[in-house]
Amino acid sequence: MIYTKMSADEAAALINHGATISVSGFTAAGTPRVVTEALAVKAEKEHAEGRPFKINLFTGALTNECVDEALAKAHAIDRRMPFQGSPAMRAGINSGEINYFDMHLSVVGQYVRYGFLGKIDFCIIEALDINDEGEIVLSGGIGCVDTYSQMADKIIVELNSAYDTRIRGLHDIYTPATPPHRREIPIYEPQDRIGSPVLKVDPKKVVAVVECNYRYGVKPFSPIDATTAQLGRNVARFLTEELQAGRIPPEFLPLQSGVGNVSNAILHELQEADEIPPFKLYTEVLQDQVIDLIDLGRCTFASSGALALSDEVYDKVMANIDFYKQHIVLRPYEISNHPEIVRRLGIVAINTALEADIFGNVNSTHVLGTKMMNGVGGAADFARNAYISVFICPSVAKGGNISAIVPYASHIDSSEHSVMIIITEQGIADLRGKSPRQRAECIIENCAHPSYRPLLREYLHLMDGQAGHTPLSLHHAFAFHEEFMRSGDMHNVKF
């Protein structure tokens, strides 16, 4: 090997205060651990000795406890983008300590290449192998590492021996050209491969190789409960009705589904929905349930940006990797989320919401309009360009004290112009071709919890007799949210 081997501490010592660091991976899959953990220790030592130490952190999306959690707890982050899910990171963002800019995942790579976000000093890459020509075998997640490694001044490689290099060939790494030289991205079916099976970097930029051995430790999802099961059944019913009505072609269309317990329940119900033919996925992240769908022949191919699998299921995939290479491809999320491809393939996009208002606006990111949860991620990439855009959520939270259907969303990530269908465990609201008042009546009757329907109807009629296209009462738009902050129960609102 032509590269310099270092310990994690030695590699972290190369990184100085004010540096911009990028990392590989998408979720915990493919995300480095040991150098960032050593960097957090370095930051704590610098702070203890009275010296400033903060970096800017660009990631694929979610990371792991050794990146976001460790660095946030060490007060080592100034700027952060584009998506996160760490409690410590969330606390730092909401306190104002961390300058977080939330971004649609599909534009991250091009923004970096265009120079919109400044220079990148280091890219830290989790690799399963690297040769002298700079060809890197990635593991279970890509994220934006194709662009980050291209634009970074220096590269640090964490060479992880915990995973098998036979995964080589699962990846398809492709970076679009920069305008005015960009052409179409030649993906016409989810299974099309257009790039390289390895990440190619400049060997001269690799300043350190850190040998390590760790597993991602992704936990299986919680058991499906009655609410998420009913949500899943409602989604399956909607898709079946669209198919039977001829609004989805008989060969069906590729699906995109978000990540989490609710999305897992939906995939489980699709496994049981015999009326729906075998289908393909073109999505961001594959979770355990997708492997079951592939094994059963329900999912014939899955294109994604990451294998966010539990250790048990990951080992199962690796034990039969030649089979799964025929059914799975991993891409940078600039490609997995690209609007051009989403529109061309006719993807049915299914994403989760924190809340939706009666006019069809969706809040995916902010609690009570101010507190960041995770970020917009790729939801809007898909929703704005989908053949059909669906948003799902339980109708209530906090034991019923919060209604997920509100008079007006406290923050808007996907506007009424991008939202076609809203589904809760209560039912399905089809918003296509409806005016604002018609959408409101449809959402209240079909998606709101019965205990909140009278209050929502009362709000809707506050503007009766007054001119206007949208019956929005500015004075009472956030009455539900204000009441929850005041009494802890939205049921107590008075108009």
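When reading the values below, keep in mind they use all heavy atoms of this one structure, side chains included, and skip hydrogens, waters and symmetry mates.
You'll find the side chain of Val390 stays beyond 4.5 Å of the side chain of Asn351, heavy atoms only. Residues Met103 and Val376 have side chains not in contact (no heavy-atom distance under 4.5 Å, counting atoms from C-beta outward). A heavy-atom distance below 4.5 Å is found between the side chains of Gln110 and Arg182. Here the side chains of Thr424 and Ile392 are not in contact, with every heavy-atom distance at 4.5 Å or above. Residues Leu307 and Leu170 meet the side-chain proximity criterion, which asks for heavy atoms closer than 4.5 Å. Looking only at side-chain heavy atoms (C-beta outward), Asn234 and Ile423 come within less than 4.5 Å of each other. Taking 4.5 Å as the limit, every side-chain heavy atom of Asn160 sits out of range of all side-chain heavy atoms of Ser139. The side-chain heavy atoms of Ser303 and Val329, taken from C-beta on, include a pair separated by under 4.5 Å.
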Checklist entry - What do the steps show when you test Met81 against Asp102 for side-chain contact (heavy atoms from CB on, under 4.5 Å), and what is the final call? => result CA-CA 6 Å; Met81 73 97 184; Asp102 191 18; over 6 Å; no
Item to check | Thr165/Arg168 under side-chain contact (heavy atoms from CB on, under 4.5 Å): CA gap, chis, key distance, verdict | outcome: CA-CA 6 Å; Thr165 57; Arg168 178 179 177 141; 5.8 Å; no
Next on the checklist: Could you go through Cys123 and Val145, starting from their C-alpha distance and side-chain angles, then the distance that decides it, and tell me whether this counts as side-chain contact (heavy atoms from CB on, under 4.5 Å)?
Outcome noted: CA-CA 8 Å; Cys123 181; Val145 70; 4.1 Å; yes
Item to check | Worked verdict on Asn337 versus Phe382 for side-chain contact (heavy atoms from CB on, under 4.5 Å) | outcome: CA-CA 7 Å; Asn337 294 35; Phe382 287 95; 3.7 Å; yes
Checklist entry - After noting the C-alpha distance and the side-chain angles of Arg33 and Glu158, does the key distance pass the salt bridge (Lys or Arg N to Asp or Glu O under 4.0 Å) rule? => result CA-CA 8 Å; Arg33 296 175 67 102; Glu158 287 191 9; over 6 Å; no
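For the side-chain hydrogen bond (donor to acceptor under 3.5 Å, both in side chains) with Glu445, the lone residue among Arg457, Arg453, Gln426 that qualifies is Arg457. With Ser410 as reference, Glu355 is the one residue of Lys371, His366, Glu355, Glu482 to meet the side-chain hydrogen bond (donor to acceptor under 3.5 Å, both in side chains) rule.
Using a cut-off of 4.0 Å between Lys/Arg side-chain N and Asp/Glu carboxylate O, Asp68 and Lys73 are scored as not salt-bridged. Salt bridge Arg432/Glu242: present, at least one basic N to carboxylate O contact under 4.0 Å. Looking at Asp295 and Lys316, a side-chain N of the basic residue comes within less than 4.0 Å of a carboxylate O on the acidic one, giving a salt bridge. One finds no salt bridge joining Arg439 and Asp357 here, because no Lys/Arg side-chain nitrogen approaches an Asp/Glu carboxylate oxygen to under 4.0 Å. One finds a salt bridge joining Arg331 and Asp172 here, because a Lys/Arg side-chain nitrogen approaches an Asp/Glu carboxylate oxygen to under 4.0 Å. Taking 4.0 Å as the cut-off between side-chain N and carboxylate O, Glu340 and Arg344 count as a salt-bridged pair. Using a 4.0 Å cut-off between charged side-chain N and carboxylate O, Arg247 and Glu241 make no salt bridge. The pair Asp292-Arg298 fails the salt-bridge criterion, with no side-chain N (NZ, NE, NH1 or NH2) lying under 4.0 Å from an Asp/Glu carboxylate O.
No donor-acceptor pair under 3.5 Å is formed between the side chain of Asn374 and the backbone N or O of Thr365. Put simply, the side chain of Ser95 gets close to the backbone of Ala91: a donor and an acceptor are under 3.5 Å apart.
Between Tyr452 and Phe480, the angle of the ring planes lies from 30° to 60°, which puts this pair in the tilted group. Relative ring orientation between Tyr459 and Phe495 is described as tilted, the plane-to-plane angle lying within the 30° to 60° band.
For the residue pair Ser24 / Glu126, no side-chain donor-acceptor distance below 3.5 Å is found, with atom types taken as modelled. A donor-acceptor contact closer than 3.5 angstrom links the side chains of Ser451 and His491.
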